[in-house]
Number of protein chains: 2
Amino acid sequence: MTVTIKDVAKIANVAPSTVSRVIANSPRISEPTKEKVREAMKELGYHPNFNARSLANKSTKTIGLVMPNSANKTFQNPFFPEVIRGISSKAHQLEYGLYLSTGQSEQEIFDEVQDMVQGKRVDGIVLLYSKVNDKVMDYLRNQKFPFTVIGRPYDENMKDITYVNNDNLKAAKTVTEYLILLGHQQIAFIGGNLDTVVTLDHMKGYEKALTNAGIEPRKDYVVFHEELQEGGQEAVIDLMSLSERPTALIVADDIMTFGVMRMLNEMEVKVPDDISIVSFNNVMISELSSPPMTTVDINIFSLGYEAANCLIEKIMKPGTEPRQVIIPHKMIKRQTCQRLVRRLSAQ
Amino acid sequence: MTVTIKDVAKIANVAPSTVSRVIANSPRISEPTKEKVREAMKELGYHPNFNARSLANKSTKTIGLVMPNSANKTFQNPFFPEVIRGISSKAHQLEYGLYLSTGQSEQEIFDEVQDMVQGKRVDGIVLLYSKVNDKVMDYLRNQKFPFTVIGRPYDENMKDITYVNNDNLKAAKTVTEYLILLGHQQIAFIGGNLDTVVTLDHMKGYEKALTNAGIEPRKDYVVFHEELQEGGQEAVIDLMSLSERPTALIVADDIMTFGVMRMLNEMEVKVPDDISIVSFNNVMISELSSPPMTTVDINIFSLGYEAANCLIEKIMKPGTEPRQVIIPHKMIKRQTCQRLVRRLSAQ
DNA sequence: TTGAAAGCGCTAACAA
DNA sequence: TTGTTAGCGCTTTCAA
C-alpha cells in the first residue's frame with residue numbers, strides 16, 4: 001500500500017536506481033526521463049521513505065535541540081520559543097528537520113543525547129544553554145560529533161568549539177556605565193543561575209565598570225537566584241532591606257525584572273523615580289511592563305539562526321574551522337532608568 | 001566503525017536475531033543469554049541504529065508537533081514551552097521522541113506534515129493549535145493518520161477526532177458572571193485571532209452570561225486582534241474612546257493583558273480602581289504583572305500531557321475510540337478585579 | 001544516460 | 001529457546 005520507488009519505476013518504465021537519481025536531481029539523467037519519472041511520482045503520490053533514505057545515506061537531515069532540563073522553570077522563558085524560531089528558520093531553508101530532547105533531569109538528557117548521536121537520529125546538535133562543566137558538551141566533543149553552543153563554553157581555551165554568543169561582558173559593562181553616567185553609585189546586580197556562563201560574564205562586566213569608575217564593588221549588592229520569577233522577588237527583599245539601598249538595579253533577565261518590578265510595586269518603591277532598572281534579553285513581552293523596561297536586546301532570533309547556520313556548515317563541510325560568532329547587542333532605552341536625584345534626607 | 005548488531009552477536013556467540021530480541025527484551029530469551037548479550041553490548045558500546053529499526057519496524061517511536069506558523073507572534077507566547085513540557089513529559093515516559101515542524105507559512109507547514117506522514121518520519125501528530133477550516137487537520141483525518149488536537153475542531157460534528165481542550169465557553173461565562181456579581185454591567189471583551197476556535201468559545205460564554213443577566217451585549221464592547229501585544233494596546237484605545245467606557249475587561253490571553261495594562265497605565269486609568277480585568281491562561285509570568293492579574297488557569301501542562309497520552313494510546317491501540325478530554329480550569333483571583341464603585345459624575 | 005545488484009542495520013517469519 | 005533468512009525502501013557502485 002505504501003508507494004515505493006519500485007512502483008514509480010514500474011510506471012515510468014525505468015529502473016529503481018533511476019528514480020532514486022531523479023529524487024536527488026542527478027545531472028546524469030536526461031530531462032525527458034526526469035519528466036517521465038516525476039509524472040509517475042505525482043500520479044502515485046509518491047513520498048520518499050525517510051528512514052530508508054537515512055539508512056542508506058548515513059545522513060538524517062535533522063538536527064537535535066538540547067534544552068536545559070525542563071523540570072527547571074528556565075524552560076518557560078520566552079527566550080526559548082524565540083531561539084527555536086531562529087534555528088527553525090535556517091533549518092527550514094536548508095531542509096533540515098528538528099528533533100527535540102525531552103529529558104527532565106541532567107542524566108536523562110545525557111542518555112538521550114547519547115542515543116541521538118550513536119543511534120544516528122540526528123546529524124548534529126545545538127545546545128540551547130551553556131553552563132559550567134557540562135557533561136553533554138564534553139561527550140559531544142569527545143565523540144567529535146558536530147555541535148554548536150548557544151552561549152559559550154566555560155573554559156576559554158576550548159577554541160575547537162563552535163558557538164554563537166553575545167558579548168555579555170561588554171553588554172553588562174556598558175549598562176553599568178550608563179547607570180553611572182546617570183549619577184548612580186549604588187548599583188546592585190541581580191544575577192541568574194550561578195553555573196550559567198552568561199551570569200558570570202554579566203557579573204564581570206558589572207564589576208569592571210564599577211572598578212573603572214572608582215566605585216568599590218560591594219558583596220551585598222550582588223545577588224544570584226536560580227528561579228526566574230521568585231528569585232527576582234526575593235532578591236528585591238534582600239536588597240531593599242539593606243541600610244544603604246541601591247538606587248539602581250541590573251537584572252539578568254527580563255522575566256526576572258517583571259518579578260522585581262512587581263515586588264517594588266508592592267513595596268511602593270517607584271520605578272524609575274526611586275530606583276532605576278536595566279535588564280537583559282528584550283523578549284517580546286519586555287516592552288509590556290509598566291513602565292516599559294530598559295533592556296539589552298541580545299537578538300535572540302539571530303542567536304538561533306546563526307547557531308543553525310554554523311552547525312549545518314559543520315555538518316556539510318566537516319573540515320571547516322570552528323567558529324565563534326558574536327551577535328551584536330543593543331541597549332533599548334525605555335522608561336525604567338532615570339538620572340539620580342539626590343535626596344536631602346535618607347530614606 | 002559503527003558497532004552493529006552483528007558485532008555484538010559475534011562477541012556474545014549468538015545470532016543477530018537473538019541480539020535483536022534482547023534489545024526488545026523478548027521474554028523468549030533466557031536470562032543467561034540476555035546477560036551475555038548485554039555485556040557484549042556494553043563492552044562494544046553498542047547503540048541500536050534508529051533508522052534501521054524504524055525501517056524494519058514500521059514504527060518510529062516519535063511524535064510530530066505542529067506549531068502555528070512561526071512567522072506569527074503567537075509563537076512567542078510562553079504557552080508553547082509549557083504545552084511542550086507537558087507533551088515532552090508523557091512522551092519521555094513512554095520513550096517517544098519529539099519532532100518539530102519548522103514551517104513559517106500555512107503552505108510550508110502543510111507540505112511538511114505531508115512529508116512527516118508519508119515519509120514515515122513520525123507515528124502520530126499533535127496539533128498545537130486549533131483553528132477554523134484547517135487544511136492540515138482535514139488531511140490527517142483523510143489519511144486516517146493518528147493525531148490529537150489541542151483545543152478542538154471547529155465543527156462540533158467531528159466526533160471522530162481526539163482532542164484535549166478546556167471548557168472555554170464555561171470559563172468565559174463564569175468569569176463574566178463573576179464580574180457581573182461584582183457589580184459590573186459595562187463589560188468589554190478583547191478576543192484573539194478570530195479564526196481560532198478558542199476565541200469563538202470565549203465569546204459565546206461571554207455573551208451567554210450577559211444575556212442571562214439581562215444585559216444587552218454591545219457590538220462596540222467586543223474587539224478582536226491578531227497580534228498579542230500590539231493588539232491588546234489598540235483594543236484599549238478603541239474601548240477607552242467610547243463615550244461609555246467599560247468598567248471591566250475580559251482579555252483572551254495573559255500576554256495581551258500585559259499590553260492592555262501597560263496602555264491603561266499610560267492613560268492613567270487605574271487597575272482595578274477604575275477598571276477590572278480578568279484574563280485567560282495563567283502562564284508563568286502572569287503573576288508578575290503589577291498588580292498581579294486575575295486569570296483563569298487552564299492547566300497548560302496537562303493539555304500537553306494528555307494530548308501526548310491520547311495520541312500514544314491511539315498509536316498503540318489503533319482500534320480505540322476517539323476521545324475528547326476536557327482539562328479542568330480554575331479562576332485564580334489576584335488583584336485586577338474589584339467591586340464596582342458607582343461614580344457620581346461621569347468620567 | 002541508464003540498469004543490475006549489493007548493502008545500510010535491523011526485525012520477524014519460519015525452522016530447528 | 002535460538003538460528004536462518006528474507007526483506008524494510010533507499011542509495012550507490014559497477015557495468016553496459
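Everything quoted here is computed from the prediction, not taken from an experiment. Chain A is the first sequence line, chain B the second, and so forth, proteins listed ahead of strands; every chain is numbered from 1.
Among residue pairs with one or both ends in residues 142-153 of chain B, those qualifying as side-chain hydrogen bond (donor to acceptor under 3.5 Å, both in side chains) are B:R152-B:D201; sequence neighbours excluded. Pairs engaging residues 97-131 of chain B under the ring pair (Phe, Tyr, Trp, His ring centres under 6.0 Å) rule: B:F110-B:Y139 [sequence neighbours left out]. Identified under the ring pair (Phe, Tyr, Trp, His ring centres under 6.0 Å) test for residues 6-41 of chain B, with sequence neighbours left out: none.
Remark: A:E306 engages no residue in a salt bridge (Lys or Arg N to Asp or Glu O under 4.0 Å) (not counting sequence neighbours). A search for salt bridge (Lys or Arg N to Asp or Glu O under 4.0 Å) contacts involving B:E112 returns nothing, not counting sequence neighbours. Partners of B:S130 under the side chain to side chain donor-acceptor pair (under 3.5 Å) rule, at least two apart in sequence or in another chain, do not exist in this structure.
Whole-Å rounding puts the A:I5 CD1 to D:dG7 P distance at 18 Å. Atom CG of B:L55 is separated from atom P of D:dC10 by 9 Å (rounded to the nearest Å). Taking atom CD of residue B:Q118 and atom P of nucleotide D:dG9, one finds them 14 Å apart after rounding to whole Å.
Between chain A and DNA chain C, the heavy-atom contact criterion of under 4.0 Å yields a 5' to 3' nucleotide range of C:dT1 to C:dG9.
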Show which side-chain atoms of residues 309-321 of chain B pair as donor or acceptor with protein atoms under 3.5 Å away, not counting sequence neighbours.
from   : atom 1 : to     : atom 2 : distance (Å)
B:E313 : OE1    : B:R323 : NH1    : 3.0
B:K314 : NZ     : B:F147 : O      : 3.2
B:T320 : OG1    : B:K317 : O      : 2.9

Donor-acceptor contacts under 3.5 Å from residues 32-48 of chain B side chains, at least two apart:
from  : atom 1 : to     : atom 2 : distance (Å)
B:T33 : OG1    : B:S30  : O      : 2.9
B:T33 : OG1    : B:S30  : OG     : 2.8
B:K34 : NZ     : B:N25  : OD1    : 2.9
B:K34 : NZ     : B:S26  : O      : 3.1
B:R38 : NH2    : B:N25  : OD1    : 3.3
B:H47 : ND1    : A:D115 : OD1    : 3.0
B:H47 : NE2    : A:Q114 : NE2    : 3.3

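In B:Q118, the CD atom is crowded: over 12 heavy atoms of neighbouring residues, nucleotides or ligands sit closer than 6.0 Å. Atom CD of B:E95 has 12 or fewer neighbouring heavy atoms from other residues, nucleotides or ligands inside a 6.0 Å radius. Environment of CG in B:N133: sparse, with no more than 12 heavy atoms of neighbouring residues, nucleotides or ligands closer than 6.0 Å.
B:Q104 and A:H92 share no donor-acceptor pair across their side chains, judged by distance under 3.5 Å alone.
As judged by a 4.0 angstrom heavy-atom cut-off over every strand, A:S54 is placed among residues making no nucleic acid contact. A:K6 comes within 4.0 angstrom of no nucleic acid atom, judged by non-hydrogen atoms across all strands.
Between A:D123 and A:K61, no side-chain nitrogen of the basic residue sits less than 4.0 Å from a carboxylate oxygen of the acidic one, so the salt-bridge criterion is not met.
Within the helix from C:dT1-D:dA16 to C:dA16-D:dT1, the inter-axis angle between the opening and closing five-pair segments is 30°, rounded to 10°.
Two residues, B:K120 and A:N57, neighbour DNA chain D, and the one matched to the more 5' nucleotide by heavy-atom proximity is B:K120.
Using a 4.0 Å cut-off on heavy atoms, the residues of residues 7-22 of chain B that approach DNA chain C are B:S17, B:S20, B:R21, listed by number. Taking every heavy atom of residues 24-49 of chain B and every atom of DNA chain D, pairs under 4.0 Å involve B:R28, B:I29, B:S30, B:T33, by number.
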